[in-house]
Amino acid sequence: GLGATEAELPYSPPSEYNQGVGTFAGISGQQGHSTLLLVRRGDDALREQPVGQIDLIKIDVEGFELEVLAGLTRTLETHRPALFVEFSRQTQDRIRERGDLTRLAPTGYRFFSIVGHRPFLGLFNRQGCSLHEADHARIAGNILMLPEEKMPMIRDLVE
């Protein structure tokens with residue numbers, strides 16, 4: 001896993017019904033037992049891999065989003081990737097004001113809510129979704145964080 005620092009953290013595995021909801025966030029009421037797993041600082045893990053330019057990062061970590069973003073500071077400043085982040089309800093509860101989120105992105109990033117016009121399967125279909133400037137007070141769901149210099153790529157999608 002990726003986080004803000006290198007550590008062994010308790011990981012709560014997903015329930016048998018939804019394999020996509022395991023978390024390092026220590027959410028109360030999470031089903032099952034926890035086990036210790038290694039979490040690495042994102043910048044350190046990426047620096048050790050033979051990757052070139054990083055253009056897109058997708059984050060879907062069930063309440064651990066702020067820690068992952070905090071560990072990618074150098075990568076975000078250097079590569080200026082677009083970020084596709086699913087902010088869970090747990091993370092929404094942790095974000096109380098605009099500064100809590102925007103301080104994790106370098107200067108010049110803009111935040112957009114991805115609003116699907118069709119349920120689930122239409123999310124990535126251009127006619128199936130639109131982008132709206134994110135309301136930082138109620139940020140949740142799928143968010144696109146985009147550096148200002150990449151705005152021309154999506155201008156016709158923003159409502």
Side-chain angles (χ1 to χ4, degrees), residues 1-7 9 11 14 18 20-27 39-159:
L2 299 180
T5 60
E6 185 162 327
L9 296 177
Y11 173 77
N18 185 348
V21 295
T23 184
F24 285 103
I27 299 166
V39 172
R40 303 273 324 275
R41 186 169 187 272
D43 286 334
D44 297 338
L46 287 171
R47 191 173 32 254
E48 295 169 5
Q49 299 300 313
V51 296
Q53 175 64 30
I54 299 170
D55 295 314
L56 174 70
I57 296 174
K58 181 184 185 301
I59 302 170
D60 181 357
V61 291
E62 303 304 319
F64 206 62
E65 295 84 358
L66 298 177
E67 289 81 2
V68 171
L69 287 167
L72 291 169
T73 304
R74 183 177 294 143
T75 300
L76 299 179
E77 290 173 354
T78 303
H79 295 272
R80 308 284 292 167
L83 296 153
F84 182 88
V85 184
E86 181 183 329
F87 281 98
S88 67
R89 289 182 190 202
Q90 293 83 7
T91 300
Q92 182 183 13
D93 291 343
R94 296 173 62 206
I95 299 172
R96 297 292 181 225
E97 58 188 48
R98 182 182 178 116
D100 287 343
L101 179 60
T102 57
R103 70 179 163 77
L104 295 175
T107 302
Y109 268 75
R110 293 186 52 193
F111 299 76
F112 299 91
S113 295
I114 301 171
V115 179
H117 300 297
R118 287 185 249 155
F120 302 107
L121 297 176
L123 180 64
F124 296 102
N125 178 326
R126 181 173 178 195
Q127 289 77 34
C129 69
S130 58
L131 300 175
H132 301 270
E133 289 277 351
D135 177 352
H136 293 273
R138 295 180 295 128
I139 198 163
N142 295 303
I143 302 296
L144 177 65
M145 298 167 61
L146 194 67
E148 191 69 43
E149 62 270 19
K150 293 184 181 177
M151 283 297 299
M153 296 184 325
I154 64 156
R155 288 220 189 267
D156 61 335
L157 296 175
V158 177
E159 291 186 357

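Positions are given from 1, in the same order as the sequence printed here.
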Practice problem: Evaluate the criterion side chain to side chain contact (heavy atoms under 4.5 Å, CB included) for residue pair Leu72 and Ile57; output intermediate values, then yes/no. | Solution: CA-CA 10 Å; Leu72 291 169; Ile57 296 174; 4.2 Å; yes

Quiz item: side chain to side chain contact (heavy atoms under 4.5 Å, CB included) between Tyr109 and Arg80: does it pass, once the steps are laid out?
Solution: CA-CA 9 Å; Tyr109 268 75; Arg80 308 284 292 167; 3.4 Å; yes

Self-check item: Backbone N/O of Thr75 and side chain of Asp43: donor-acceptor pair under 3.5 Å
Solution: yes

Quiz item: Are Val85 and Val68 close enough, and set up right, to give a side chain to side chain contact (heavy atoms under 4.5 Å, CB included), and what steps lead you there?
Solution: CA-CA 10 Å; Val85 184; Val68 171; over 6 Å; no

Self-check item: Heavy-atom check, side chain of Leu76 versus side chain of Pro106, under 4.5 Å
Solution: yes

Exercise. Please test Arg41 against Thr5 for side chain to side chain contact (heavy atoms under 4.5 Å, CB included), starting from the C-alpha separation and ending with a verdict.
Key: CA-CA 5 Å; Arg41 186 169 187 272; Thr5 60; 5.7 Å; no

Quiz item: Taking Thr73 for the side chain and Ala70 for the main chain, is one N or O donor matched with an acceptor at less than 3.5 Å?
Solution: yes

Quiz item: So how far is it from Glu67 CD to Leu9 CG, rounded to the nearest 0.5 Å?
Solution: 9.0 Å

Quiz item: Do the charged groups of Glu48 and Arg40 touch, with an N to O distance under 4.0 Å?
Solution: yes

Quiz item: Which heavy atom of His79 sits nearest a heavy atom of Ile54, and at what distance?
Solution: ND1-N, 3.2 Å

Quiz item: Nearest heavy-atom pair of Gly3 and Val39: which atoms, and what distance?
Solution: N-CG1, 3.3 Å

Practice problem: Please check if the side chain of Asn142 supplies one atom and the backbone of Glu86 the other of a donor-acceptor pair under 3.5 Å. | Solution: no

Quiz item: From Phe111 CZ over to Ile143 CD1, what is the distance, rounded to the nearest 0.5 angstrom?
Solution: 9.0 Å

Practice problem: State the CG-CG distance between Leu83 and Leu56, to the nearest 0.5 angstrom. | Solution: 7.5 Å

